[in-house]
Peer 1: 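Below you'll find the structure I mean.
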Amino acid sequence: MQRNRNEVIPIKPENDLPLVDCHNHFPDKEPYRKPTHSDEEQYDFFFNQHKGQFIISSASDWDYDYIQNYIQAHENKYMTMGYNIPSERYNRSFEDLKVFVDFLKNNKDKYVAIGEFGLDFHHGKSIKMRETQVEVFQKIIKETKSLNKPYALHVRNPTQRNIDQNFPNHEYNQRDICNRIVLEKLVEEQIPPERVMWHCFSGPAEWGPKLAEKGYYISIPSSAYGFKRWRRNIPGVPIENLLTETDACLQHPFRMGAYNTPANVKYSIAAIAYVNEIDQLEVAKKVLENARRFFGVK
Ligand SMILES: [Zn+2]
């Protein structure tokens, strides 16, 4: 399905901005969307045809080695270490979790942040599965906080369609429940807000300014350019708290389901500039500064 939505903003993204893609899955080991260009062409788009500065890729257990090898062979490319959130689709054992945490402890120099991991009450359907997610989330934070690495969190709240019909009144069906739990656990474990990025921030919109005020980073996906539901989370978040990402191969700027590439992070910049009525270059410079600070990349 690749239909255009008529929600695209009336400005064009600029091509000579200092870009940073703070979260993607590039290069994809087993792409489930058909790539439009080879890995090398996408790398070239970002660093040579645009003024891309650096790319942060999220690896998970099945592609650690693959992404690690790519990073070693390419400049300005860094990795975060993620853990698949348990759901009815991904069964995870506590043994998997132990392997993950041990890897993090023993390979500190190989990655710049921990994530993505978090809560997903869209894919976690039952209350029981959601409870497991919360347990796993807290365990990862507890076991890794002494590593002093930034966290890239995936936080997806349930929609009306994701209500567990066996327990329709359970609080785990509420529209901002994942935000609330994540915030509560981060505070409980005393994680400094400036060490946390809410990747592909999906709202609800009133949460953006609220989280930014506490010092968290909010990452805006390239799809904010063409989809109101992503763009509406930008207003009220100071530029100092914003990061940009493509989540490639996901989050295409204006098409549903189309393949996305890191250079499209320029569409996130355009969306932020449009909403705040400021220059794209000014946004890009600020976001680059934020990203360098957050990931500790020189
Ligand atoms: Zn992702």
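Atoms within each ligand, like the ligands themselves, are counted from 1 in listed order. Along the sequence shown, residues are numbered consecutively beginning with 1.
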Peer 1: Between Phe167 and Tyr172, is the ring centre distance below 6.0 Å?
Peer 2: no

Peer 1: Could you tell me whether the side chains of Gln42 and Tyr259 share a donor-acceptor contact shorter than 3.5 Å?
Peer 2: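 On atom types as modelled, these side chains qualify, holding a pair under 3.5 Å.
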
Peer 1: Taking 2.8 Å as the limit, list every protein N, O or S atom around the Zn ion (ligand 1), by chain and residue number.
Peer 2: His23 NE2, His25 NE2, Glu116 OE2, Asp247 OD1

Peer 1: With a cutoff of under 4.5 Å between side-chain heavy atoms, which Ile, Leu, Val, Met, Phe, Trp and Tyr residues group with Tyr32?
Peer 2: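 Joined to Tyr32, directly or through intermediates: Leu250.
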
Peer 1: Only pairs under 3.5 Å count here: list side-chain donor-acceptor contacts from residues 99-106, not counting sequence neighbours, and write none if there are none.
Peer 2:
unit_1, atom_1, unit_2, atom_2, d
Asp102, OD2, Lys98, NZ, 2.8
Lys105, NZ, Glu143, OE1, 3.3
Asn106, ND2, Asp102, O, 3.1

Peer 1: Please write out which residues are connected to Met129 in a hydrophobic cluster, directly or through intermediates, given that two of Ile, Leu, Val, Met, Phe, Trp, Tyr count as joined at side-chain heavy-atom separations below 4.5 angstrom.
Peer 2: none

Peer 1: Strictly under 6.0 Å, is that where the ring centroids of His199 and Phe201 end up?
Peer 2: no

